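The model shown is predicted, which means the values in this text are computed figures rather than measured ones. Hydrogens, waters and symmetry mates are skipped; everything else that's a heavy atom, side chains included, is used.
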Amino acid sequence: MADEGWNPKIVAIICNWCSYAGADLAGGARIQYPPDIRAIRVMCTGRVDPLFIMKAFNDGADGVLVSGCHFGDCHYLEGNYKCAKRMFLMKNVLKNIGVNDKRLRMTFVSASEGAKWGVVMNDVINTIKELGPSPFNR
Amino acid sequence: MVEDQTPRIGVFICHCGTNIAGSLSVADVVKYAQTLPNVIVAKDYQYMCSTPGQTMIKEAIAEHKLTGVVVAACTPRLHEPTFRIATREGGLNEFRFEMANIRDQNSWVHMHDWDGATAKAKDQVRIAVAKARLLEDLTPKSVPVEHAAMVVGGGVGGIQASLDLASAGIKTYLIEQTPSIGGRMSQLDKTFPTLDCSQCILSPKMVDAGRHPNIILKSYTEVESVEGYIGNFEITLRRKARGTRNAAEMEAAGLKGSGCNGCGDCTSVCPVIKPNPFEFGMAPRKAIYIYHPQVVPLQYTIDFDACVKCGLCKEICGPEKAAIDLDMVDTFEKVKVGCVILATGYDLIPIEDKTEWGYKRYENVITGLEFERLICASGPTGGHLIRPSDGVTPMKVGFVLCAGSRDNTGGSSKPYCSRFCCMYSLKHAHQVMEKIPGCVPYIFYMDIRSFGKMYEEFYYRIQNEGAKFIRGRVASLQEDPVTKNIYVKAEDTLLGRPVTVECDIVVLAAAIKPKADAEHIRQMFGISKSQDGWYLEAHPKLNPCGTTTAGIFLAGVCQGPKDIPDTVGQAEGAASAASIPIHKGEVELEPYFAQCVESLCAGCGMCIPQCPYKALSLKSLDDGRQVMTVTEAKCKGCGTCGGYCPGGAIKMQHFTSPQICAQIDAFLLGGLGGEQ
């Protein structure tokens, strides 16, 4: 259903210690992926206020990715658990307002997983491309 | 200082040679940046991090009276400190700086999409400008550093790091989970390429560590929990019940008696016999034991899993020493240190998982470490290499290199090179030829990696001494059920034909892996791991001893396979790095603290359980209203409370909600958003 020539706009909010470092590592390894995602760095995914997610969708984001450390690896012990709980909540909120909850995704990419970051990027972009433009934009 | 006024932002775009400029149009990004509201100046330069590049930033701050600086270049994880200093030297608060990562997260990952990468870079600059407009002056918080350090792991790396720290005047806790320091190196017979006796060169260091006035040696002790941060780690130690007390422990416990002096009377009467794990089960040990004659500290230990509590040891120890306490339990103590060095070492992979080699099924297939014990004068056979099956001296010894290393078949196999197996196998080959006249070593190898100083020369020497080298991976080992000889089947890739060699004994150079409890220790100290489980260094080339957690440093194999010289070198580096904040006496923390906006706080207290550091609490204002308050010394700036507060009453410095919302708006709405 993707429109011709349409490229999705995807916001990624990623933690400084794991996923941001993993994204940098993907760069160092020259792992290639499409340029549809813009990353915003926070110290921990625990910082992610549900408001940011709604703000992004309200502004017309086609997808939102939140990526942090693996469970047990959080630099701040448990910020990623707390974020994950909020993400379940936000997915429910999205479903209830008629937005496919696949548009919101949480992943766990460590500082040594540059290759995995590339896989996540491609996967998120493909998922959003299949879903097409956000209903907020129609 | 910047007075409240319209933001004036300078944007500086780096070419990074062709790293950035080769994949996107820097000129277009500069032109675009110049059109953004509040951007007073936008310039590009070949290498923004160079002195002229930084000077450009400093001069622009003064010339254009900038209130914020954006550098579009590599990652903030690399050069944020550089540009913060340039911002400060230009006369602005260093936190009025924001970076757009157009290299690691753009030009390097979109190398074949010029237009896409250029468009993304424009967005990234716009997002960074949106944040820079809202940045505020912040002051780093300076905290005192405890004049003490902890080293976890008492192998040669941990011993060296402790000796260096202690000699530099720092009180150092050396934590070892087994009853003696010495680690893997104390299990080795000789060291390559010099053929020094391993124990002979290690034991002086062990003794030094045991008696150094600044080293507090805690053997048979484990880390139970870790709290705090650089400068102020509070670490709880578990002193495992050892069953004996030395003189100092007797005195500390207020008990009568001179304590354990290592006489060994107890072990002679102990009726319980168990396999000795130090000898890989090839020698017996009593339930009350020392590993080997050179242990530090020289103090007996009771294996309470084996002990039947008959009390014979206590009887013979007598009331004068009264060292033995059969009812001893684990005890806990808290210590405060400024920095920590992890030196937790390695284990061998369970090589029996590679069933084609029959380890643990065939008696005459052993590992390299077992060979070390069998050839060692203090080992179970007094240094006579014999076949485990029949005690006969072998005349043909097979060495299987890369046993589980450089192996992508999964399971217990490891894709990496374990780095010291080639060299110790060459050493083993030399030892069998030296000790057993006429004995022929057959070395089955993929490549001989003799990369160190005098290593290649050692390789030539072993070739000249008559060792047989067969280049090819070993497909299988098969035991002759009658003779218990081992048939080594491999392909000789130089001759291009399969070979089968009948050996009396086969030594597997098994791959190494992180210590079994490395993962638990890593999570307690909050550091990252590499994909193979080795502890992750802060930077593979420029910060190999540090971690991304300030105050935690790495030494030795826990960071990745390395031999003794490299381990000792890294240990000295880690000790030096750890001593810097300790000697400086204070350390600056990034001021990313949470702050309560009291006018918005409803005093609900829901944020308090969100904080993993117990930094939040409620206080009463003069008007009786309850609001949250932050203990800055405990706050680490994760922002979990700020992401949770339903009233938006928590301001996360440098990552405020208006700043993040402005970034989201800037990306999606095109404008800069976040109007002040």
Side-chain angles (χ1 to χ4, degrees), chain A residues 7 9 11 13 15-18 20-21 23-52 55-61 64 69 72-79 82-83 86 110-118 121, chain B residues 74-78 99 101 103-113 115-117 119-121 123-124 127 131 519 522-523 526-532 536 548-549 590 592 610 612-613 636-645 648 652 654-655 657 660-661 663-665 667-669 673:
Chain A
N7 283 319
K9 284 189 163 190
V11 178
I13 306 178
C15 85
N16 179 65
W17 302 101
C18 292
Y20 199 91
D24 281 348
L25 190 66
R30 309 298 194 277
I31 288 163
Q32 303 295 302
Y33 54 84
D36 298 318
I37 294 182
R38 307 287 180 262
I40 291 171
R41 181 171 71 120
V42 291
M43 295 310 281
C44 177
T45 50
R47 176 71 188 95
V48 179
D49 190 326
L51 168 80
F52 303 156
K55 177 96 187 146
F57 281 114
N58 197 38
D59 282 0
V64 175
C69 308
D73 281 8
C74 176
H75 191 77
Y76 304 102
L77 309 177
E78 49 197 39
K82 284 166 182 160
C83 179
R86 290 175 211 158
S110 80
S112 61
E113 292 177 329
K116 183 178 173 187
W117 181 254
M121 289 291 97
Chain B
C74 51
T75 166
R77 295 176 66 259
L78 190 65
M99 208 153 171
N101 184 342
R103 190 189 74 176
D104 302 52
Q105 294 184 23
N106 187 340
S107 65
W108 277 354
V109 289
H110 314 306
M111 296 178 84
H112 313 297
D113 186 351
D115 293 341
K120 178 169 172 177
D123 284 357
Q124 288 177 301
I127 291 167
K131 181 164 180 183
E519 181 69 7
R522 179 181 76 78
Q523 293 188 344
I527 60 165
S528 303
K529 64 176 173 183
S530 315
Q531 62 180 22
D532 301 311
L536 188 67
T548 50
T549 300
E590 283 177 325
Y592 302 158
Q610 289 286 308
Y613 305 108
K636 289 199 190 180
C638 62
T640 303
C641 57
Y644 189 77
C645 177
M652 288 310 306
H654 209 65
F655 292 92
S657 294
I660 294 170
C661 288
Q663 288 176 289
I664 295 170
D665 284 346
F667 165 37
L668 295 161
L669 302 180

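Two residues are said to be in side-chain contact when any heavy atoms from C-beta on lie closer than 4.5 Å; B:R77 and A:N16 meet this criterion. In this structure, B:W108 and A:Q32 have side chains that are not in contact, with every pair of non-hydrogen atoms separated by 4.5 Å or more. No side-chain heavy atom of A:W17 sits less than 4.5 Å from a side-chain heavy atom of A:D73. Residues A:Y20 and A:C15 fail the side-chain proximity criterion, which asks for heavy atoms closer than 4.5 Å. Residues A:W117 and A:M121 have side chains in contact (heavy-atom distance under 4.5 Å, counting atoms from C-beta outward).
Comment: B:D665 engages A:K55 in a salt bridge, judged by a side-chain N to carboxylate O separation of less than 4.0 angstrom.
The two residues A:G46 and A:C83 make their nearest non-hydrogen contact at N-CB, 4.1 Å.
Looking only at heavy-atom pairs under 4.5 Å with chain B, the residue among A:A56, A:G118, A:A29, A:G79 that has the most is A:A56. For chain A, the option among B:N106, B:I660, B:T549 with the highest count of heavy-atom pairs below 4.5 Å is B:I660. For the set B:P612, B:A119, B:G637, B:C645, the count of heavy-atom pairs under 4.5 angstrom toward chain A peaks at B:P612. Interface summary for chain A: among B:Q124, B:K529, B:R522, B:R103, the most heavy-atom pairs under 4.5 angstrom belong to B:R522. Taking chain A as the reference chain and counting heavy-atom pairs below 4.5 Å, the highest number among B:C74, B:P76, B:S528, B:S107 is found for B:P76. Counting heavy-atom pairs closer than 4.5 Å to chain A, the top-ranked of the candidates B:I527, B:L78, B:L536, B:I664 is B:I664. Your options are B:Q610, B:K636, B:K131, and the one with the most heavy-atom pairs under 4.5 Å with chain A is B:Q610. Residue with the most contacts toward chain B among A:M43, A:R86, A:R38, A:H75: A:R38 (heavy-atom pairs, distance under 4.5 Å).
In this structure, chain A has heavy atoms under 4.5 Å from both the backbone and the side chain of B:H112. Residue contact with chain B, scored on non-hydrogen atoms closer than 4.5 Å, involves the backbone and the side chain of A:A21 alike. Of the atoms belonging to A:I31, it is backbone heavy atoms, and not side-chain ones, that fall under 4.5 Å from chain B. Only the side chain of A:K82 comes within less than 4.5 Å of a heavy atom in chain B; its backbone stays farther off. For chain B, the nearby part of A:A39 is the side chain; its heavy atoms alone come within less than 4.5 Å. Both the backbone and the side chain of A:R30 come within less than 4.5 Å of a heavy atom in chain B. Within the 4.5 angstrom heavy-atom criterion, only side-chain atoms of A:L51, from C-beta onward, approach chain B. Contacts between A:N58 and chain B at a heavy-atom distance below 4.5 Å are absent for every atom of the residue. For chain B, the nearby part of A:V48 is the backbone; its heavy atoms alone come within less than 4.5 Å.
In this structure, the side chain of A:D59 does not engage the main chain of B:L669 through any donor-acceptor pair within 3.5 Å. For B:Q105 (side chain) and B:T75 (main-chain N/O), no donor-acceptor pair under 3.5 Å exists by modelled atom type. In this structure, the side chain of A:S110 engages the main chain of A:S112 through a donor-acceptor pair within 3.5 Å.
Cation-pi geometry between A:R47 and B:F655 is not met: the NZ or CZ atom fails to fall both under 6.0 Å from the ring centre and inside 45° of the normal.
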